[in-house]
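Only one structure is covered here, and it is reproduced in the block below.
Every chain is numbered from 1 and lettered A, B, ... according to where its sequence line falls, protein lines coming before strand lines. Just so we're clear, the structure is a prediction, and the values are computed from it rather than from any experiment.
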Amino acid sequence: MPELPEVETIARGLAACLPGRRIVAARLGKTDFVDNPEELARALPGCIVRRVERYGKFLLLRLAAGNGAAGPTLLIHLGMTGQLIPQRADVPRAPHTHVVLSLDDGTEVRYTDLRRFGRMALVADGKLHSILGSLGPDPLQMAPGEFVQRLAARRAMVKALLLDQRTLRGLGNIYADESLWRARIHPARQAARLRRDQLLRLHRSVRAVLSAAIRLGGSSIANYRNAQGEPGLFQLNHRVYHREGRPCPRCRARIRRVIVAGRSSYFCPLCQRRPKGFKR
DNA sequence: CTTACGGCCTGGGTGC
DNA sequence: TGCACCCAGGCCGTAA
């Protein structure tokens, strides 16, 4: 499931091979996840990739028009199972390949997405703000005080806030659970009832978990692959995620799974004390 | 405005 | 062999 570390890994891989390349053809398969597919197929050929960036969980391919003038941005969200992998054109296409961008060096950037929960749109720079403007700060660039400020007055459950991209951008279920375990905070705690030192600890935990995950190329549970088609390694360092019934690495208590904020949430019942009134 | 919750999208895996 | 069901993440609508 691509969250911030996985998208960052993919963006770095693509940044090593895409900038300067001209798109010579765009072919679409199923397009129900593409915003205005006809326009996208018409406008992409001739564009040159200037830069590859990550914004939260979004990938941004910053394009230039053929004559070098500023162009639109290809905005890609990988959803749960989206993959964006450059390959030589003679390599057979994987199943569920729905977008193929042919480049001027004989390679193809291929978007495959088993579930098609991803999204793709070609957006003029002036309109980017309307899509990305509501997202919160990047956790890796966020000052501790700002993190505390965004959570301290909120009565929602802390995990719901970590997952809400308006609070901060880039966390998903894996890294929310891993961060809360590291900070010893139960996912169902009300953010407003956490002490300042707990919020500061959570901020440090989020940053430490994300940084370590980026260093290991992200987490591969089932489908995630980087831009070279390789899995990540951080799943080997998961402490609680997808580890129900296994011992907590700190205290050996059995990891439990409950539903919090509508999501499976893994936590240690001893290290992460449940709030009063939270059943199970 | 804030929060909680249910439903929807899709298809692989699981269990009967 | 077949098939119903669960689950995943993000988003949206609704209700309080």
> Roughly how bent is the helix from B:dT2-C:dA16 to B:dC16-C:dG2 end to end, in steps of 10 degrees, with each end axis from five pairs?
Replying inline: 40°

> In terms of the nearest nucleotide of DNA chain B, which residue is placed more toward the 5' end: A:R155 or A:D32?
Replying inline: A:R155

> Between B:dT3 atom P and A:R150 atom CZ, what is the distance in whole Å?
Replying inline: 13 Å

> Over how many whole Å does the gap from A:Q190 atom CD to B:dT3 atom C1' extend?
Replying inline: 11 Å

>> Whether A:H96 contacts B:dG12 is assessed here as follows: a side-chain N or O lying under 4.0 Å from the phosphate OP1 or OP2. Is that the case?
In response: yes

>> Is it the case that the side chains of A:R27 and A:S102 hold a donor-acceptor pair, with the cut-off being a distance below 3.5 Å and no angle test?
In response: yes

> Think A:R115 has a side-chain N or O under 4.0 angstrom from the OP1 or OP2 of B:dG12?
Replying inline: no

> Taking the side chain from A:E38 and the backbone from A:N36, do they hold a donor-acceptor pair closer than 3.5 Å?
Replying inline: no

> How do A:R166 and A:R116 order along DNA chain B: which one's closest nucleotide is nearer the 5' end?
Replying inline: A:R166

>> Looking only at the side chain of A:R257 (C-beta and beyond, no hydrogens), which of the listed nucleotides B:dG11, C:dG9, C:dC7 gets closest?
In response: C:dC7

> NA contact type, A:R119, heavy-atom cut-off 4.0 Å: base, sugar-phosphate, or nothing?
Replying inline: nothing

> Applying the 4.5 Å side-chain criterion to the ILVMFWY set and letting contacts propagate, would A:Y55 and A:L59 be lumped into a single cluster?
Replying inline: no

> Reckon A:S264 touches a base, only the sugar-phosphate, or nothing at all at heavy-atom distances under 4.0 Å?
Replying inline: sugar-phosphate

> Just how far, in rounded Å, is C1' of B:dC9 from CZ of A:F33?
Replying inline: 13 Å

>> Distance check needed: B:dT10 C1' versus A:L78 CG, whole Å only.
In response: 16 Å

> For A:D164 and C:dG9, what is the distance between atoms CG and P respectively, to the nearest whole Å?
Replying inline: 15 Å

> Could you state the CG-C1' distance from A:L163 to B:dT3, rounded to the nearest angstrom?
Replying inline: 14 Å

> Is the base of C:dG9 touched by the side chain of A:R263 through a donor-acceptor pair closer than 3.5 angstrom?
Replying inline: yes

>> Students often get this wrong, so: under 4.0 angstrom with heavy atoms, is A:D113 touching a base, only sugar-phosphate, or nothing?
In response: nothing

> Short question: side chain of A:E8, backbone of A:R54 - any donor-acceptor pair under 3.5 Å?
Replying inline: no

>> With the stacking rule set at 5.5 Å and 30°, tell me whether A:F117 counts as stacking on B:dT10.
In response: no

> Could you give the CD1-to-P distance, from A:I259 to B:dG7, as a whole number of Å?
Replying inline: 15 Å

>> Classify the ring geometry of A:H242 against A:Y266: parallel below 30°, tilted from 30° to 60°, perpendicular beyond 60°.
In response: parallel

> Nearest to the side chain of A:A156, which nucleotide is it out of C:dA8, B:dG11, B:dA4?
Replying inline: B:dA4

> Can you find a side chain N or O atom of A:R154 that sits less than 4.0 Å from OP1 or OP2 on B:dT3?
Replying inline: yes

> Would you find a donor on one side and an acceptor on the other, under 3.5 Å apart, between the side chain of A:E3 and the backbone of A:Y175?
Replying inline: yes

> Taking CD1 from A:I174 and C1' from C:dG9, how many angstroms apart are they, rounded to a whole number?
Replying inline: 11 Å

>> Can you tell whether the side chains of A:D32 and A:K30 come within less than 4.0 Å, N to carboxylate O?
In response: no

> Do you know which of A:R256, A:R257, A:R254 makes salt bridge (charged side-chain N to carboxylate O under 4.0 Å, His left out) with A:E244?
Replying inline: A:R257

